[in-house]
Undergrad: 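One structure coming up, written as structure tokens, with questions to follow.
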Amino acid sequence: MDKEKRQVPDEYILLSSMRMGNQKAYECLFKRFYPMLCAYATRFVELKDAEEIVQDVMLWLWENRQTQKFETSLSQYLLQAIYHRSINRIISQRSRLRAETRFYEYTREMLQDTDLFSLEELKGKIKEAIEELPPLYKEAFVMHRFGNKSYKEIAEILQVSPKTIDYRIQQALKRLRVALKDYLPLIPLLFPKDFLS
């Protein structure tokens, strides 16, 4: 007997229909498995990551519906896929954390070792770079980064579209990244990580 036929009968029918491109069958499978798979994934990762992993696996199931063969039941297959992707996510997050830790340590060492620029001098360089921006770029950038205003709020104040504000801020960021390229590793010590992003 075909291994796939060992599955729950209606599950086998839904799987067969999905293979033929029946989107309603896929939606039924999605609704059936999604809550269970999310609950399982949260054993390993946070809910936000769990939902993303499950959505990726279910999308993969649809995109590969015509070629995929299951050696076990569909539910067992999906649980294994969720397990492996969750473990990969954990490994990836740990690697990123190690990289961020190394960057922080490098930045701290760099700050301790440098005799050329104190934080006050760095503040002066940043202020100088902002002052040299074209007036329209500077105005939008300062209102957003230092005035904590949204693009929409700035657009209303300046009576332009939010897209115009977005353009001005992106141009300001490009110029600042060039002007401050030698100091980029030190800037997060003074400002949030997203200051020049």
Side-chain angles (χ1 to χ4, degrees), residues 1-104 106 140 144-145 150-155 161-174 176-178 184-185 188 192-197:
M1 185 180 182
D2 189 330
K3 288 180 182 176
E4 289 185 3
K5 291 185 180 177
R6 294 179 193 168
Q7 300 179 81
V8 180
D10 66 330
E11 185 180 296
Y12 175 73
I13 291 165
L14 287 170
L15 195 52
S16 299
S17 297
M18 183 190 73
R19 281 219 174 102
M20 292 185 283
N22 186 327
Q23 198 161 354
K24 286 196 183 301
Y26 168 72
E27 287 169 6
C28 286
L29 288 170
F30 188 97
K31 285 176 185 172
R32 175 177 296 184
F33 287 109
Y34 187 80
M36 175 191 76
L37 294 175
C38 282
Y40 178 65
T42 55
R43 292 183 181 183
F44 312 104
V45 297
E46 292 180 8
L47 179 60
K48 177 174 69 71
D49 291 329
E51 290 175 338
E52 189 178 308
I53 288 167
V54 173
Q55 288 166 13
D56 286 347
V57 168
M58 294 305 290
L59 179 61
W60 181 92
L61 179 68
W62 171 255
E63 289 175 343
N64 295 273
R65 63 189 178 278
Q66 294 176 320
T67 56
Q68 187 57 45
K69 297 283 184 187
F70 303 106
E71 293 298 318
T72 58
S73 70
L74 177 59
S75 59
Q76 285 179 308
Y77 179 86
L78 291 172
L79 287 170
Q80 286 175 352
I82 296 299
Y83 172 79
H84 290 299
R85 290 198 186 208
S86 296
I87 296 305
N88 287 341
R89 180 67 61 95
I90 291 167
I91 292 168
S92 171
Q93 286 172 342
R94 284 181 180 166
S95 297
R96 197 178 312 123
L97 182 60
R98 281 196 296 273
E100 287 175 358
T101 302
R102 280 197 298 271
F103 175 76
Y104 171 76
Y106 164 77
H144 182 59
R145 288 298 195 270
S150 68
Y151 287 13
K152 187 179 176 186
E153 288 172 326
I154 299 168
S161 73
K163 282 190 175 180
T164 299
I165 297 303
D166 179 51
Y167 175 79
R168 290 177 184 176
I169 290 173
Q170 294 311 314
Q171 291 304 308
L173 288 169
K174 281 181 187 175
L176 289 172
R177 281 193 288 266
V178 171
L184 292 179
K193 283 183 181 178
D194 63 354
F195 181 72
L196 288 181
S197 63

Undergrad: Are Glu51 and Val54 side-chain neighbours, meaning at least one heavy-atom pair lies under 4.5 Å?
TA: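 The answer is no, as the side chains (C-beta and beyond) never meet within the 4.5 Å cut-off.
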Undergrad: Classify the ring geometry between Tyr34 and Phe30 as parallel (under 30°), tilted (30 to 60°) or perpendicular (over 60°).
TA: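 Ring orientation, 0 to 90° scale: parallel.
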Undergrad: Can you tell if the side chain of Leu14 reaches within under 4.5 Å of the side chain of Leu74, non-hydrogen atoms only?
TA: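 They are not in contact (no side-chain heavy atoms under 4.5 Å apart), so the answer is no.
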Undergrad: Fit a plane to each ring of Trp60 and Tyr77, take the angle between them on a 0 to 90° scale, and name the class: parallel (under 30°), tilted (30 to 60°) or perpendicular (over 60°).
TA: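 Because their plane-to-plane angle is under 30°, the rings of Trp60 and Tyr77 count as parallel.
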Undergrad: Measure across Ser86 and Ala41 and return the closest heavy-atom pair with its distance rounded to 0.1 Å.
TA: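 For Ser86 versus Ala41, the nearest heavy atoms are OG-CB, 4.1 Å.
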Undergrad: Supply the atom-to-atom distance Asn88 CG to Ser92 OG, rounded to the nearest 0.5 angstrom.
TA: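 With rounding to 0.5 Å, CG (Asn88) is 8.5 Å from OG (Ser92).
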Undergrad: I'd like to know if the side chain of Tyr40 reaches the main chain of Tyr83, judged simply by a donor and an acceptor atom lying under 3.5 Å from each other, with no hydrogens or angles considered.
TA: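 No: the side chain of Tyr40 does not pair with the backbone of Tyr83.
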Undergrad: Looking at Glu27, I want to see if its CD is surrounded by more than 12 non-hydrogen atoms of other residues, nucleotides or ligands under 6.0 Å.
TA: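 It does: Glu27 CD has more than 12 such atoms within range.
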Undergrad: Of the non-hydrogen atoms in Ile90 and Phe44, which two are nearest, and what is the gap between them?
TA: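 Minimum heavy-atom contact is CD1-O, 3.5 Å.
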Undergrad: Can you name the nearest heavy-atom pair linking Arg19 to Gln66, along with the distance?
TA: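 It is O-CG, 3.5 Å.
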Undergrad: Write down the atom of Ile169, the atom of Tyr151, and the distance for their closest heavy-atom approach.
TA: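 Looks like CD1-CE1, 3.3 Å.
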Undergrad: Please round to the nearest 0.5 Å and tell me the distance separating atom CD1 of Ile53 and atom CZ of Arg85.
TA: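 Interatomic distance, Ile53 CD1 to Arg85 CZ, rounded to 0.5 Å: 8.5 Å.
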Undergrad: Can you name the nearest heavy-atom pair linking Ala50 to Val45, along with the distance?
TA: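 Minimum heavy-atom contact is N-CG2, 3.6 Å.
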Undergrad: If I compare all heavy atoms of Thr42 with all of Ala39, which pair ends up nearest, and what's the gap?
TA: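 That closest heavy-atom pairing would be OG1-O, 2.6 Å.
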Undergrad: Should Asp56 and Glu52 count as side-chain neighbours, where that means a heavy-atom distance under 4.5 Å?
TA: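 A side-chain contact under 4.5 Å exists here.
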Undergrad: Before giving the answer on side chain to side chain contact (heavy atoms under 4.5 Å, CB included), spell out for Ile165 and His144 the whole-Å C-alpha distance, their side-chain angles and the decisive distance to 0.1 Å.
TA: CA-CA 9 Å; Ile165 297 303; His144 182 59; over 6 Å; no
Undergrad: Does Met36 reach the side chain of Leu78, with side-chain heavy atoms less than 4.5 Å apart?
TA: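 Met36 vs Leu78: side chains apart.
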Undergrad: Could you grab the distance from atom CD of Glu11 to atom OG of Ser16, nearest 0.5 Å is fine?
TA: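 Reported to 0.5 Å precision, the distance equals 10.5 Å.
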Undergrad: Any sub-3.5 Å donor-acceptor pair from Arg65's side-chain atoms to Trp62's backbone N or O?
TA: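 Side chain of Arg65 to backbone of Trp62: a pair is present.
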Undergrad: Should His84 and Val57 count as side-chain neighbours, where that means a heavy-atom distance under 4.5 Å?
TA: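 Side chain of His84 against side chain of Val57, heavy atoms only: no contact under 4.5 Å found.
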Undergrad: Arg168 and Ile154: side chain to side chain contact (heavy atoms under 4.5 Å, CB included), yes or no, with the steps?
TA: CA-CA 11 Å; Arg168 290 177 184 176; Ile154 299 168; over 6 Å; no
Undergrad: Ring pair (Phe, Tyr, Trp, His ring centres under 6.0 Å) with Phe33: which residues, sequence neighbours excluded?
TA: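 Expected list: none.
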Undergrad: As an exercise, state the distance from CD1 of Ile13 to SG of Cys28, rounded to the nearest 0.5 Å.
TA: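 If I round to the nearest 0.5 Å, the distance is 11.5 Å.
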